[in-house]
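Quick note: numbers below take in every heavy atom, side chains included, and nothing from hydrogens, waters or symmetry partners. Start at 1 with the first residue, then count along the sequence.
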Amino acid sequence: DWTGLSWNHDLPLNAGLLERHGDRWDWTGLSANLALHADQQLVGQFAAYWHWSWLSSNPSLRWSEALVAEHAQRWDWPALSAQPKLPWSPDLIARNSERWQWPELSSNPSLPWEPTLIATWSERWDWPALSKNSGLCWNESLLDTYSDRWDWRGLSQNPALPWSVELLNRYLERWAW
């Protein structure tokens, strides 16, 4: 059963194996398979076969900026926006600013969450999603800077905030009790 094989996480997937049985594989299963540690060359070699939405969600690929750029027209950008294993950088975000799905990007804890990144794209972020993101470098300065943009209900549920009695008292009227 090639569908079962295609989803099997214990297979030693490589170019030779994929080539020998190319017409038998379930390419959706291969695209989602966590044993697929494909690099830019392997992804390019079988570009016509991949299920790009599943491939976009696969954290096991050998992600690189070059891989993202080479197949920019094929990626499922909402899935890629949520992909924690991309080599996230301010440059990668800027180069693809019109392709990202900003709600998914705002929820992704793996971005390089520096104050300059937040400031640069302040008009694009999904602030309710950002408010729930545990990956940000939360501090009182960040809370103050964007106090009118935060979703305080989302912040109230975020375990990554630097919780203290002082923090609770400082924003007493804003928290979702």
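- Surrounding CZ of Arg153 are at most 12 heavy atoms belonging to other residues, nucleotides or ligands under 6.0 Å away.
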Donor-acceptor contacts, no H, no angles, side chain residues 113-120, under 3.5 Å, sequence neighbours left out:
{"residue": "Trp113", "atom": "NE1", "partner": "Asn108", "partner atom": "O", "Å": "2.9"}
{"residue": "Thr120", "atom": "OG1", "partner": "Thr116", "partner atom": "O", "Å": "2.7"}

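- Residues forming a salt bridge (Lys or Arg N to Asp or Glu O under 4.0 Å) with Arg124 (at least two apart in sequence, or on another chain): Glu98.
- Taking 4.5 Å as the limit, some side-chain heavy atom of Trp121 sits within range of a side-chain heavy atom of Ser97.
- A pairwise comparison of heavy atoms in Trp163 and Ser156 identifies CZ2-O, 3.9 Å as the closest pair.
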How far apart are the C-alpha atoms of Ser131 and Arg149, what are their side-chain angles, what is the distance that settles it, and do they pass the side chain to side chain contact (heavy atoms under 4.5 Å, CB included) test? CA-CA 9 Å; Ser131 299; Arg149 293 188 142 187; over 6 Å; no
Evaluate Trp75 against Trp63 for ring-ring contact (aromatic ring centres under 6.0 Å, His included), listing each step before the verdict. CA-CA 13 Å; Trp75 296 117; Trp63 289 104; 5.1 Å; yes
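- With sequence neighbours excluded, the residues forming a side-chain contact (heavy atoms from CB on, under 4.5 Å) with Glu19 are Gln45, Phe46, listed by chain and number.
- Defined by atom type and a distance below 3.5 Å, a donor-acceptor pair is present between the side-chain atoms of Ser53 and Asp76.
- For the ring pair (Phe, Tyr, Trp, His ring centres under 6.0 Å) test, no residue two or more places apart in sequence or in another chain qualifies with His37.
- Cluster partners of Trp7, by chain and number: Trp54. The rule joins Ile, Leu, Val, Met, Phe, Trp and Tyr whenever side-chain heavy atoms lie under 4.5 Å apart.
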Take Trp150 and Trp125 through the ring-ring contact (aromatic ring centres under 6.0 Å, His included) test and state the conclusion after the steps. CA-CA 11 Å; Trp150 297 120; Trp125 297 121; over 10 Å; no
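- Transitive grouping of hydrophobic side chains (ILVMFWY, heavy atoms separated by less than 4.5 Å) brings Leu30 and Leu11 into a common cluster.
- Sorted by first and then second residue, the pairs that involve residues 168-177 and meet side-chain hydrogen bond (donor to acceptor under 3.5 Å, both in side chains), not counting sequence neighbours, are Glu140-Arg170, Asp144-Arg170, Asp144-Tyr171, Asp148-Arg174.
- The line from CH2 of Trp152 to CH2 of Trp127 is 11.5 Å long, rounded to the nearest 0.5 Å.
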Yes or no on ring-ring contact (aromatic ring centres under 6.0 Å, His included) for His71 and Trp50, after CA distance, side-chain angles and deciding distance? CA-CA 11 Å; His71 302 288; Trp50 300 118; 9.6 Å; no
Give the intermediate values and the outcome of side chain to side chain contact (heavy atoms under 4.5 Å, CB included) for residues Leu42 and Leu61. CA-CA 10 Å; Leu42 187 68; Leu61 297 186; over 6 Å; no
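- With values rounded to the nearest 0.5 angstrom, Ser6 atom OG is found 8.5 Å from Trp27 atom CH2.
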Go through the steps for Leu17 and Leu13 under the test side chain to side chain contact (heavy atoms under 4.5 Å, CB included), then give the verdict. CA-CA 6 Å; Leu17 186 61; Leu13 296 174; 4.2 Å; yes
